[in-house]
Amino acid sequence: MADAKGFMTTPRLERPRRPVEERVRDWDEVYVPGALLPIVTRQADRCMDCGIPFCHDACPLGNLIPEWNDLVSRDDWRAAADRLHATNNFPEFTGRLCPAPCEAGCVLAINQPAVTIKNVEVAIADRVWELGLAPPRPPDRLSGRTVAVIGSGPTGLAAAQQLTRAGHTVVVYERDDRLGGLMRYGIPAFKMEKRHLERRLEQMRAEGTKFRASTAVGRDVGAAELRARHDALVIATGATAWRELPVPGRELAGIHQAMEYLPLANRVCEGDLASSPMSAAGKHVVIVGGGDTGADCLGTAVREGAASVTQLDIYAQPDAERDEDAEPWPTYPKVYRLSPAHEEARDLRSAPAATADARLFAASTLRFTGDADGRVRSLHLVEVDAARRPVPGTGRTLPADLVLLALGFSGPGREDGLIDQLGLRTDPRGTLVRDAGFATGVPGVFAAGDAARGQSLIVWAIAEGRAVAAAVDRGLTGSSQLPAPIGPYDRPMAV
């Protein structure tokens with residue numbers, strides 16, 4: 001604990017964002033470059049080095065947060081990097097993409113603003129690369145065992161890196177033409193520039209991990225054939241089966257799933273396309289779904305030059321402060337949060353129909369109507385109560401030339417044939433069934449990440465990857481020194 005009074009003398013100060021008018025004209029990350037370092041050591045001083053640090057339990061990775069806060073406060077970046085990487089393979093991803101349940105579990109948050117844990121984490125992660133503190137760590141010797149990992153999202157990459165470092169020969173199969181899963185094509189560049197992903201992939205290649213892009217297991221290569229070629233197989237395909245909105249007019253042109261829309265914008269940033277065929281430019285856009293994916297669509301539509309863009313959230317607008325009775329500390333509370341995308345839409349007045357930033361809360365879609373050419377032109381909605389029942393007399397209509405459905409995911413997709421070819425079982429939620437050792441019941445086949453857990457946070461995805469790697473290593477060698485931060489049945493802290 002570098003400053004015993006830091007939490008009393010230093011107010012919370014967050015990473016500054018670039019001006020809205022500037023950042024919506026590009027796809028760069030929204031934060032002021034380099035602005036974090038001058039403030040982060042003082043912010044790390046606010047950590048109280050609690051006797052029982054609940055931030056550990058709030059984070060499934062078990063990040064050693066008080067330790068690296070103390071080291072950052074002393075400007076010991078090398079030691080801070082070691083402690084951060086002791087529990088997290090990819091802190092530059094989580095420091096940008098995680099909603100920080102660790103901060104909700106910060107003991108200081110009982111009666112004060114929490115320590116800026118996420119900002120300290122990303123500062124360490126960025127300094128790691130600036131100072132050359134992330135060299136490849138190839139194994140001293142090979143085990144002679146081979147493992148196939150299907151999926152190159154955070155779960156697959158974490159599992160692959162852990163198993164490679166343990167001495168196994170690992171091949172990662174990815175059906176898209178580039179690696180990274182949703183981090184590549186689902187997350188907009190203004191949230192995480194892809195150079196962070198490329199840098200980590202180069203480290204993994206140097207360690208010995210092999211990658212096979214543009215290879216859909218089940219279609220381009222048979223799942224049973226792949227299983228026969230390797231000693232173990234890890235399924236980390238994510239939850240890609242999107243949820244539908246079964247209302248009248250859904251068949252109209254111009255209504256798309258969020259994960260049909262976002263990858264095209266990312267391909268424009270990659271240089272594959274001059275412009276997106278689903279571009280929001282000049283269109284009235286309505287996003288159905290109040291989560292992070294919807295916010296990603298919002299920020300993308302604003303940058304593409306939408307005439308208007310409104311986001312519908314079926315839940316009521318949450319309060320600004322935690323409800324201590326319903327969601328007591330240290331659980332992650334549902335409170336009103338203003339993401340960079342919502343800040344942009346608010347300041348630019350992109351959603352004239354909205355009551356708060358770009359969002360209409362407690363709003364449920366009734367139907368869509370279109371023109372003579374079969375294209376969507378309007379969305380009809382109604383306000384709902386806490387039980388999602390329509391409130392009489394609250395119906396209204398929004399202009400809609402482009403509708404984006406951001407309703408979440410129900411489990412892994414089956415279109416490639418992987419699940420059926422291996423004879424894997426799924427539960428009523430659509431996720432893969434596995435036992436306490438991450439095994440699916442098919443000899444040598446393991447399942448991890450959103451494909452088995454269901455849609456979750458990136459920290460849970462990485463924790464799953466690390467844990468399944470330990471299970472696979474144990475299955476191949478009889479024991480394992482790899483850490484297993486969570487079990488397959490662990491869940492976030494809740495009331």
Side-chain angles (χ1 to χ4, degrees), residues 60 97-99 101 151 153-155 181-188 191 235-247 250 255-266 278 285-301 309-318 332-337 339 341-342 358-366 368 379 381 384 386-388 402-415 419 426-432 447-464 491-492 494:
L97 304 178
C98 180
T155 297
L182 288 184
M183 294 188 296
R184 172 71 69 181
Y185 289 129
I187 299 296
K191 286 182 70 174
I235 300 174
T237 55
T240 58
W242 51 57
R243 295 191 177 99
E244 260 297 345
L245 183 64
V247 299
R250 170 62 181 91
I255 304 174
H256 302 281
Q257 290 284 347
M259 291 311 301
E260 295 175 305
Y261 171 73
L262 290 172
L264 292 170
N266 273 303
M278 289 185 192
V285 181
V286 181
I287 302 161
V288 182
D292 288 342
T293 302
D296 292 343
C297 291
L298 173 63
T300 299
V309 53
T310 307
Q311 184 179 7
L312 307 185
D313 191 332
I314 200 167
Y315 295 102
Q317 181 172 344
Y332 188 74
K334 185 175 178 59
V335 298
Y336 178 78
R337 295 179 174 90
S339 74
H342 292 116
R359 286 170 281 191
L360 281 175
F361 289 96
S364 178
T365 303
L366 294 175
F368 303 106
L379 179 150
L381 62 89
V384 294
R388 300 189 184 182
L402 175 63
V403 176
L404 302 173
L405 306 181
L407 302 170
F409 306 90
S410 58
R414 306 182 75 108
E415 62 273 12
I419 294 174
T426 57
D427 63 20
R429 300 178 303 147
T431 55
L432 297 176
D450 289 4
R453 173 172 293 275
Q455 184 179 349
S456 191
L457 304 179
I458 187 170
V459 281
W460 282 92
I462 295 174
E464 286 256 341
R491 291 294 181 269

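Residue numbers run from 1 in the order of the sequence given.
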Evaluate the side-chain proximity of L262 to T293: yes if any heavy-atom separation is below 4.5 Å, no if none is. yes
Taking all non-hydrogen atoms of both residues into account, name the closest pair between G411 and T431 and its distance. CA-CG2, 4.2 Å
Give the minimum heavy-atom separation between P188 and T300, together with the two atoms involved. CG-OG1, 3.9 Å
Would you say the side-chain atoms of R429 pair up with the backbone N or O of R453, donor to acceptor, closer than 3.5 Å? yes
For a quick test of reading the model, state the closest non-hydrogen atom pair linking V309 to A301 and the distance between them. CG2-CB, 4.1 Å
NZ/K334 to OH/Y315 distance, rounded to the nearest 0.5 angstrom? 7.0 Å
Closest contact, heavy atoms only, P263 versus A258: CD-O, 4.1 Å
To check you understand the geometry: which heavy-atom pair defines the closest contact between F409 and W242, and what is its length? CD2-CA, 3.7 Å
Nearest heavy-atom approach of P492 to W460 is N-CZ2, 3.4 Å
If you define the side chain from C-beta out and look only at heavy atoms, does anything of V247 sit under 4.5 Å from F368? yes
Please confirm whether the backbone N or O of D450 pairs with a side-chain atom of Q455, one donor and one acceptor, at under 3.5 Å? no
Dump the intermediate steps for side chain to side chain contact (heavy atoms under 4.5 Å, CB included) on M259 and L182, then the final yes or no. CA-CA 9 Å; M259 291 311 301; L182 288 184; 3.3 Å; yes
Q257 (side chain) donor-acceptor with E244 (main chain) under 3.5 angstrom: no
Does any part of the side chain of Y261, heavy atoms only, come nearer than 4.5 Å to the side chain of C297, both counted from C-beta? yes
Quick one: OG1 on T310 to CG on L379, what's the gap to the nearest 0.5 Å? 9.5 Å
Flag the pair I458 / M183 as yes when at least one side-chain heavy-atom distance between them is below 4.5 Å, and no otherwise. yes
OG1 of T155 to CD1 of I235: how many Å apart, nearest 0.5 Å? 12.5 Å
Tell me, do Q311 and H342 make a side-chain contact under 4.5 Å, heavy atoms counted? yes
Interatomic distance, OG1@T237 vs CZ@R414, rounded to 0.5 Å, equals 11.0 Å
Partner of I462 by side chain to side chain contact (heavy atoms under 4.5 Å, CB included), out of P60, C98, P154: P154
Under the side chain to side chain contact (heavy atoms under 4.5 Å, CB included) test, which residues partner I314, sequence neighbours left out? S364, V384, R388
I need the H256 NE2 to L404 CG distance, nearest 0.5 Å. 7.5 Å
First locate atom CG of L245, then atom CG of L405, and finally report the distance between them rounded to the nearest 0.5 Å. 5.5 Å
Has N266 got a side-chain atom pairing as donor or acceptor with Y185's backbone, closer than 3.5 angstrom? yes
